[in-house]
Amino acid sequence: MNLPAVTPAKSDTVSPLGEIIAVREAVVDVRFAAGHLPEINSALEVAWDGGAPLILEVHSHLDPRTVRAVALMSTSGLARHVMVRATGEALRVPVGEAVVGRMLDVTGIPRDNGPALPADVPRRAIHSDPPAMQTENASTDIFETGVKVLDLLTPLAHGGKAAMFGGAGVGKTVLTMELIHAMAAKYQGLSIFTGVGERSREGHEMLSDMNGSGVIRHAVLVYGQMNEPPGARWRVPLTALAIAEYFRDEQHKNVLLLMDNIYRFVQAGSELSSLLGRLPSRVGYQSTLATEVGAVEERITSVAGAAVTAIQTVYVPADDFTDPAVTAIATHMDSQIVLSRDLAAQGFYPAVDPLASSSVLLDPLVVGEAHCEIAEQVREALARLKSLQDVIALLGVEELGSDDRRTVTRARRLQRFLSQPFTVTEKFTGQPGRSVSLADTLAGCRAILDGETDDWAESSLYMVGTLDEARQKEQAARKAAAGAAV
Ligand SMILES: Nc1ncnc2c1ncn2[C@@H]1O[C@H](COP(=O)(O)OP(=O)(O)OP(=O)(O)O)[C@@H](O)[C@H]1O
């Protein structure tokens with residue numbers, strides 16, 4: 001790839017030119033004339049063959065003339081002695097109406113084979129401080145998702161932060177996609193979907209899904225997927241935040257910010273930390289882990305008149321919930337949705353672990369006494385079922401006392417009632433998706449806890465929407481059984 005000398009800066013101020021002296025994968029060292037060192041986090045540009053410039057971000061000053069920078073795009077083809085232009089400011093990405101309905105990369109370049117963005121599109125720096133504490137607006141308005149187990153046990157706040165934790169293949173992405181459908185349909189705002197280090201296939205599926213359902217008209221997709229260099233995966237959350245902050249602060253719009261998978265942001269930071277020559281901390285993570293997570297999470301906040309509701313997926317390495325990255329992210333969340341491999345293996349989708357999941361909003365002052373009482377009784381029943389699993393496996397349900405037998409009967413029906421077919425899984429389950437109101441969810445759980453379904457077949461409550469649907473399924477099954485008996 002021919003790399004011409006960098007074209008001189010167009011502005012009247014002469015931006016200092018530097019020269020590349022070392023390239024190690026995503027890390028590039030650049031030497032400038034004495035007294036012209038660009039600031040930390042400022043962007044440097046390398047002009048490629050007429051295409052979009054390669055963007056580098058300054059991360060350390062090695063000596064009075066040399067900076068160490070991180071490439072936000074691939075450095076293949078880059079060589080020593082290539083000239084670099086210091087922009088004098090942080091990377092600025094396009095924001096505003098022009099990016100709605102578009103799929104962008106970390107630098108804000110459209111990657112959806114659509115038209116280029118207008119030259120005068122407004123831009124915003126990817127680095128900025130969170131709003132002043134006094135302007136933040138901690139909301140406790142409940143956000144009904146239509147997913148029974150979430151609305152019952154881990155209610156989400158309009159303007160709050162929720163994270164889905166789980167190992168590989170437990171259903172994080174599918175649940176996130178379902179929430180996009182559930183929320184975009186009834187959410188008067190803008191959705192920003194950020195793909196961080198996930199599969200590119202999922203990005204294209206998301207784009208075609210959103211185009212098909214029309215949700216794309218109110219959405220922006222920002223991607224730094226697993227095929228991208230670590231710099232792109234590390235900075236793409238900031239690109240999405242800059243777009244979200246513009247709509248929140250300049251247009252006072254509500255924003256639904258979805259990030260799949262925020263753990264990959266930490267992983268990219270860890271990769272770069274090693275390449276930047278920094279000493280690793282616990283479990284090999286970067287020593288700046290908590291700072292980097294805080295810098296992103298603290299910017300995800302609401303202000304008066306405009307809420308940013310965030311839902312993030314968190315990959316849990318080796319299903320180890322004590323992992324430093326997982327715990328650092330968890331401390332920032334209002335709702336923690338833990339996905340269980342055991343439940344996924346049994347086909348109970350969404351595989352939300354009712355005992356490990358939690359929400360600060362499950363409080364009588366927020367959701368009311370009745371909701372809290374039902375949620376508590378559901379948890380108690382499922383906890384009792386879990387504690388009796390071994391006894392049941394060894395001796396069978398019949399050997400239990402009458403109280404335990406009743407609890408097990410109801411707990412198993414609750415477990416099945418909390419499973420639910422999704423819209424996004426119709427294509428491979430063949431079952432139409434269901435969105436259930438909170439009132440129907442509470443009424444269904446209340447009826448099961450009161451024993452109304454004790455003599456129903458457990459299968460009648462599996463993968464249904466409301467309890468009425470389960471009742472119809474039970475009646476149909478009984479009729480079929482009666483017909484077969486004749
Ligand atoms: N609600 C659901 N209904 C039916 N099947 C599901 C559901 N959720 C997940 N699955 C099944 O589990 C598989 C993995 O789901 P998904 O990709 O969401 O997991 P993940 O946790 O995001 O995995 P990874 O971390 O590898 O991306 C899906 O391809 C699907 O077969």
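Just the heavy atoms: all of them, side chains too, but no hydrogens, waters or symmetry mates, feed the values below. When a ligand or atom number is given, it counts from 1 through the structure's own listing order.
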Give the intermediate values and the outcome of salt bridge (Lys or Arg N to Asp or Glu O under 4.0 Å) for residues R384 and E380. CA-CA 6 Å; R384 187 66 184 145; E380 281 168 9; over 6 Å; no
Looking only at distances, can you tell me whether any N or O atom of T173, backbone or side chain, sits closer than 3.5 Å to an N or O atom of ligand 1? yes
Non-hydrogen atom of [X] closer than 4.0 Å to ligand 1:
| X | answer |
| --- | --- |
| A168 | yes |
| E198 | yes |
| G167 | yes |
| G169 | yes |

Taking every non-hydrogen atom, the tightest pair across [X] and [Y]:
| X | Y | answer |
| --- | --- | --- |
| V293 | A328 | CG1-O, 3.9 Å |
| A411 | A381 | CB-O, 3.5 Å |
| G224 | V236 | N-CG2, 3.7 Å |
| T194 | P237 | CG2-CA, 4.4 Å |
| V196 | Q225 | N-OE1, 3.6 Å |

Could you tell me if E57 and H127 have a donor-acceptor pair between their side chains, going purely by distance under 3.5 Å? yes
Any donor-acceptor pair under 3.5 Å from K172 side chain to Y315 backbone: no
Starting from [atom], find the nearest protein heavy-atom neighbour and note its residue, name and distance.
| atom | answer |
| --- | --- |
| atom 16 (P) of ligand 1 | G171 CA, 3.7 Å |
| atom 27 (O) of ligand 1 | R199 NH1, 3.0 Å |
| atom 29 (O) of ligand 1 | F428 CZ, 4.7 Å |
| atom 4 (C) of ligand 1 | Y349 CD1, 3.6 Å |
| atom 1 (N) of ligand 1 | F422 CD1, 3.3 Å |
| atom 20 (P) of ligand 1 | K172 N, 3.5 Å |

Out of L175, L339, T313, V174, whose heavy atom is nearest to atom 28 (C) of ligand 1? V174
Do NZ/NE/NH1/NH2 and the carboxylate oxygens of E469 and R434 come within less than 4.0 Å? yes
Evaluate the 4.0 Å heavy atom contact test for atom 24 (P) of ligand 1: does a protein atom fall under the cut-off? yes
